[in-house]
Structure formats: C-alpha cells, structure tokens
Amino acid sequence: LVFSRLIFGTLYPAYYSYKAVKSKDIKEYVKWMMYWIIFALFTTAETFTDIFLCWFPFYYELKIAFVAWLLSPYTKGSSLLYRKFVHPTLSSKEKEIDDCLVQAKDRSYDALVHFGKRGLNVAATAAVMAASKGQGALSERLRSFSMQDLSTIRGDSSSTVPPSVTVRTSSKQSHPKPSRSASEGTGSSGKH
C-alpha cells in the first residue's frame, strides 16, 4: 500500500510536474501546483489521522483511493478541493499567515544566533579545558624524567644505535644495550 501510494501520489505527479515545467504549459503547471498544495495538506493531516484512525477498517485503502481521486483527470479532485476550500481560506487568512511567518523567521534567526553564541562559548571552554589538561599531562610526563635519563637518551642518539631502537628507562641507572642487528652491523661482539 505504501509503495503504490509512493508511486501514484508522489512519483507520477512529480514526473508530470517536470513535463509541465519543461513545456512551459501554464494550464498544466497550475494544475500540478494545485495538486502539490492539496497533497502537502493531505500529508500534514495524515500525520495526525494515522495516529487516531489507523484502527478504522480500510483506512489505508481509503487513503489510496483519495490520492487516486486527487489525481484523476475525470474527477479533478485536487483542483476541486483547491478552488472550493483552500484558495478561499488562504486568501482570507493570507495577511495573518504572512505576519506569523515573518515573526517565526525573526524568532528563529534570534534563537539561532543565541544558541550559536552559546555553542561557541561551550566549545571554546571545552577546548581550553582540554588544552590545559593536556598541558598538565605533558608537564607531568616530562617531570618524570630525571636529567640523567634525558642526557642518556640524548647521548645514545649520537651512538651507533639505530633510531628505531626504543630506550626504556627505570629508576636504576643503566645504559641501554644496542640491539643485536646494530652490534652485528658494526662488527662488535655486543659488549662495550
């Protein structure tokens, strides 16, 4: 049922709307614009009626029949509903609707600016906190090295030990041993 409504209620009219725009036929263009207005109102109303009337027998079949009635060139359902109900109602309420839309637009812009500023403040605070915590962790890590350990690491970088060898330090003072591949490459027996 959903698939047939998708095809007949949306894709079929969309294709014929495309053809009306392409051909620049004003009569067809107006016909499909009336359909889309009625279909938008139907879709909006359907959101609520699905909640309350889904238990009604043949409810979904009736919705498909209604869409077929809207599309039919014989019944001209969308044109009839538009001319009898929608156009007169919108014409009489157009000023109020426009005023509400302008107010909603202004309020949404103000809310967007307000929440945007708050979002930037939260992001900046989070970035500063993360940076300060990161800085503290880095300084703690650097403090954990003794000057002797740092000089040992610096001194080993100029020796024959390749840079891929990892030097592990402990609280005891010990000199790292070169890897086996490094001692074989220099021709030594692995002793200092």
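Nothing here was measured: the structure is a model prediction, and the numbers come from that model. Keep in mind that the numbers below use all heavy atoms, side chains included, and drop hydrogens, waters and symmetry copies.
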Check: [X] side chain, [Y] main-chain N or O, donor-acceptor pair, under 3.5 Å:
| X | Y | value |
| --- | --- | --- |
| Y82 | M33 | no |
| S108 | K105 | yes |
| S72 | A68 | no |

Value rounded to 0.5 Å, distance of [atom1] in [X] from [atom2] in [Y]:
| X | Y | atom1 | atom2 | result |
| --- | --- | --- | --- | --- |
| F56 | F58 | CZ | CZ | 10.0 Å |
| K22 | E28 | NZ | CD | 14.5 Å |
| Y35 | S17 | OH | OG | 8.5 Å |

To check you understand the geometry: which heavy-atom pair defines the closest contact between [X] and [Y], and what is its length?
| X | Y | value |
| --- | --- | --- |
| W36 | A14 | CZ2-N, 3.5 Å |
| P13 | G9 | CG-O, 3.4 Å |
| S78 | I38 | O-CG1, 3.6 Å |
| M34 | S79 | CE-OG, 3.7 Å |

| Any pair counted as salt bridge (charged side-chain N to carboxylate O under 4.0 Å, His left out), so long as it reaches residues 117-131, sequence neighbours left out |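 As it turns out, there is no salt bridge (charged side-chain N to carboxylate O under 4.0 Å, His left out) pair with a partner in residues 117-131 once direct neighbours are skipped.
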| query | Does the side-chain contact (heavy atoms from CB on, under 4.5 Å) test come out yes or no for L70 and K76, once each step is laid out? | reply | CA-CA 6 Å; L70 290 177; K76 299 181 181 175; over 6 Å; no
| said: With a 4.5 Å cut-off on side-chain heavy atoms, are L80 and T75 touching? | reply: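 No, their side chains stay 4.5 Å or more apart.
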| message | Between Y15 and T10, is the side-chain contact (heavy atoms from CB on, under 4.5 Å) condition met? List the steps. | response | CA-CA 9 Å; Y15 180 71; T10 308; over 6 Å; no
[X] with [Y], same ILVMFWY side-chain cluster at under 4.5 Å:
| X | Y | answer |
| --- | --- | --- |
| V86 | I97 | yes |
| Y74 | L71 | no |
| F48 | Y60 | no |
| I37 | V21 | no |

| message | If only side-chain N and O atoms count, and only distance matters, is there a donor-acceptor pair under 3.5 Å linking Y59 with T49? | response |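 Distance-only check passes for T49 and Y59.
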| Audit row: E46, T43, side-chain contact (heavy atoms from CB on, under 4.5 Å) steps and yes/no | CA-CA 5 Å; E46 175 186 43; T43 304; 4.2 Å; yes
| query | Parallel, tilted or perpendicular: which fits the ring planes of W32 and Y16, with parallel below 30° and perpendicular above 60°? | reply |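 W32 and Y16: parallel rings.
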| task | Could you check whether the rings of F42 and F39 sit parallel, tilted or perpendicular, using 30° and 60° as the cut-offs? | result |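 The rings of F42 and F39 sit tilted, inter-plane angle from 30° to 60°.
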| request: Salt-bridge test for K19 and D25: reply yes if a basic N is under 4.0 Å from a carboxylate O, no otherwise. | output: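 Not counted as a salt bridge, because no side-chain N and carboxylate O are separated by less than 4.0 Å.
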| Is it true that K93 and E96 make a salt bridge, defined as a side-chain N closer than 4.0 Å to a carboxylate O? |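 No, no charged N to carboxylate O under 4.0 Å.
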| query | Does atom CZ of F66 have more than 12 heavy-atom neighbours from other groups under 6.0 Å away? | reply |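 Enclosed.
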| request: Starting from the C-alpha separation in whole Å, work towards a yes-or-no answer on side-chain contact (heavy atoms from CB on, under 4.5 Å) for L81 and W69. | output: CA-CA 11 Å; L81 287 177; W69 179 75; 3.6 Å; yes
